[in-house]
Peer 1: 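I have a structure here, written as C-alpha cells, and I will follow up with some questions on it.
Treat the numbers as computed from the prediction; the structure is a model and nothing was measured. Each ligand, and each atom within it, is numbered from 1 in the order the structure gives.
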Amino acid sequence: MVVPMANPKAQTDALRDEIASAIDSVLESGQFILGPNVSALEEEVPAVCNSRFGVAVNSGTDAIVIALAAAGVGPGDEVITTPFTFVATTEAIMIVGAKPVYVDIDPRDFNLNADLVEQAITERTKAILPVHLYGQCAQVERLEQVAKRYGLKLIADGAQAIGSKHKGKGIGAFGDAVTLSFYPTKNLGACGDGGMVLTNDPELCARAKSLRFHGQDSAYSYQYVGYCSRLDEIQAAILRVKLKYLESWNAARIANATYYLEALRDLPLQLPVANSDNYHTYHQFTIRFPKRDELKAKLAEMDIGSAVFYPSPLHVQKAYAQLGYKEGDFPEAERAAKEVLSLPVFPELTSSQREQVVEAVRKCVQELSS
Ligand SMILES: *Cc1c(COP(=O)(O)O)cnc(C)c1O
C-alpha cells in the first residue's frame, strides 16, 4: 500500500534509540514484573487522563474485565452497553459472568445513545459501559447523572481515547473507572500487549491491583479469585518513552482529520462529527458512505488503505446469539456497520500521503455517486 491504514513501525523507528536504551535498562535491572517502570507509568498515564489512580494490566480487554470485577459486577448482573464496538467490550462483560444489555447508538457520533439508556434499566442492572468510539467521548456527563440516579456503576471503555477530553476534562475524570488499551495501533501503543484501569476510587484501585495479581492481598494470601494480568516492565518502559510524544501525536491526528474535513466537505458522504464539548483525538477518521464496499475496493485498487470498524454489530455475532437478540433490534448500529469506512489518519502520515488519500476518495466517491 502506498498509504497504509496504520504504521506502528514508523513510530518505533523514529524512537529506536530511546526505546532500545529503555529496554536495556530493564534487562540490566533484572526486574521484569511489577517494577519501577510499571509504578511510574501508573502515575504518568492517570496524570494525562485526569484520574487519580492507574492499574496497569496485560491488555485493554483485561482492563475492562478487571474494572468490572473490581466494581463488583458479576453473575446475575446486567450491564448496559453498545453493540457497535470491538468485541472485547461485550466479551469482558460475559467473562465476569454478567449479561450485556444493548442499546442502540447515536448515528451522528456512533456512541451509545444516552437517550435510550434509562428505558433499558431493570432491577438487575448494575453498570453502564459506554465506549469512547474512534477517539470521541461518549456522553459521559449525562450517563453519570443516570448512573447516580439509579445507583449504577459507570465504567467506560476508553481503549480508543487516551488524551481525549469532554468539557476540557480528560476521560479519567468521569465515572467509576475508565479502561485503556496499549495495543500497538492505539494512540499510545506498546510493542506488545498492555492496558490500564483508571479510577478516582481508592477502593476500586486496590481491588483492581489485587485482581490483576491472582486476588492476592499479601504474600500467598488470596481474598478474591483473581487473574494473572500484569503489565511487564519492558512494555511499561517502552510506553513511558512513547507517552512523552502522545500529545504531539494526537495533535498530528487532529491536523490530519482537519485537513480531510476541509478537503472532503463538498462530497456526498457523511464526515465525522465532533461534538462541540469534545476534544476528539481521532483514533479513527470514519466516514459513512452507502456504497462503502465498492469505495473500499476502489481505494484498494489505487493502493490506498482503509478499514471497516466494525463490519458487524455484536448482537448478530454467533458467539453472542445466546443473548437472544436478532437482526433489526438495533437499526442504527446495523446501518453504521454497513456504511462506515475509516481512512488513514495515523500521526506519521505525510502530507503527500494525505493528498493522495483525498484525491483517491474524491475520484472514487464521484464515480460511485454519478
Ligand atoms: C482495542 C480495543 C479493546 C481491546 O484492547 P486489547 O488491548 O486489544 O485487549 C477494547 N475495546 C475497544 C473499543 C478497543 O478498540
Side-chain angles (χ1 to χ4, degrees), residues 5-6 8 38 41 45 49 54-69 79-96 100 102 105 109-112 127-138 140 154-164 171-172 175 177-198 208 211-212 227-232 235-236 238-239 242 250 253 272 280-286 307-315 317 319-320 333 336-337 340 342 345-346:
M5 230 343 252
V38 168
L41 191 73
V45 171
C49 295
V55 181
V57 297
N58 223 302
S59 69
T61 306
D62 278 9
I64 311 170
V65 171
I66 287 172
L68 288 166
V79 178
I80 296 173
T81 190
T82 165
F84 190 63
T85 172
F86 184 57
V87 66
T89 321
T90 277
E91 188 182 35
I93 297 169
M94 302 286 283
I95 287 173
V96 300
Y102 296 125
I105 57 165
D109 61 10
F110 308 102
N111 277 329
L112 189 67
I128 308 172
L129 175 38
V131 178
H132 302 321
L133 203 69
Y134 304 147
Q136 167 149 243
C137 265
V140 274
L154 177 63
I155 294 155
D157 178 349
Q160 303 185 357
I162 186 168
S164 299
I171 55 173
V178 180
T179 64
L180 300 175
S181 163
F182 303 128
Y183 187 80
T185 55
K186 298 287 157 81
N187 288 26
L188 177 65
C191 298
D193 276 311
M196 190 175 278
V197 178
L198 301 173
L211 285 166
R212 77 165 167 197
Y227 302 87
C228 179
S229 185
R230 301 163 300 232
L231 184 70
D232 64 76
Q235 293 307 331
I238 295 169
L239 286 163
K242 294 180 94 184
N250 279 345
R253 287 176 180 275
H280 186 335
T281 53
Y282 291 97
H283 175 60
Q284 300 297 347
F285 184 91
T286 304
V308 177
F309 305 114
Y310 297 91
S312 168
L314 298 175
H315 67 281
Q317 293 281 352
Y320 302 106
V340 290
S342 298
V345 73
F346 59 91

Peer 1: Under 4.0 Å from a heavy atom of A88: give me the atoms of ligand 1 that qualify, with their elements.
Peer 2: 4 (C), 10 (C)

Peer 1: With respect to F86, determine whether any N or O atom, backbone or side chain, lies less than 3.5 Å from an N or O atom of ligand 1.
Peer 2: no

Peer 1: Please tell me if the side chains of V197 and R212 come closer than 4.5 Å, counting only heavy atoms from C-beta onward.
Peer 2: no

Peer 1: Side-chain contact test, heavy atoms from C-beta onward, threshold under 4.5 Å: evaluate it for P100 versus V79 and give yes or no.
Peer 2: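 Not in contact.
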
Peer 1: Relative to ligand 1, is T85 under 4.0 angstrom through side chain, backbone, both or neither, heavy atoms considered?
Peer 2: side chain

Peer 1: Under 4.0 Å from a heavy atom of S181: which atoms of ligand 1 are those, numbered in the order shown and with their elements?
Peer 2: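 Atoms satisfying the 4.0 Å criterion: 1 (C), 5 (O), 6 (P), 7 (O).
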
Peer 1: So which heavy atom in the protein is nearest atom 8 (O) of ligand 1, and how far is it from that ligand atom?
Peer 2: Y183 CD1, 3.9 Å

Peer 1: Give the atom numbers and elements of ligand 1 that come within less than 4.0 Å of a heavy atom of G60.
Peer 2: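 It comes down to these atoms of ligand 1: 5 (O), 6 (P), 7 (O), 9 (O).
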
Peer 1: Look at the rings of F84 and Y134 and say which category their plane angle falls in: under 30° parallel, 30 to 60° tilted, over 60° perpendicular.
Peer 2: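 The rings of F84 and Y134 stand perpendicular, inter-plane angle above 60°.
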
Peer 1: Any N/O of D157 closer than 3.5 Å to an N/O of ligand 1?
Peer 2: yes

Peer 1: Quick one: does L211's side chain get under 4.5 Å of V65's, heavy atoms only?
Peer 2: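 SC-SC contact between L211 and V65 ruled out.
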
Peer 1: Give a yes or no on whether F309 atom CZ has more than 12 heavy-atom contacts from other residues, nucleotides or ligands under 6.0 Å away.
Peer 2: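 More than 12 heavy atoms, drawn from other residues, nucleotides or ligands, come within 6.0 Å of this atom.
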
Peer 1: Are any of the N/O atoms in D193 less than 3.5 Å from those in ligand 1?
Peer 2: no

Peer 1: Nearest to atom 2 (C) of ligand 1 by heavy atom, Q160, H283, K186: which?
Peer 2: K186

Peer 1: For ligand 1, which atoms have a heavy atom of V131 less than 4.0 angstrom away?
Peer 2: 13 (C)

Peer 1: Going by side chain to side chain donor-acceptor pair (under 3.5 Å), Y102 matches just one of T81, T82, T90. Which one?
Peer 2: T90

Peer 1: Report yes if the side chains of V140 and H132 come closer than 4.5 Å at any heavy-atom pair, otherwise no.
Peer 2: yes

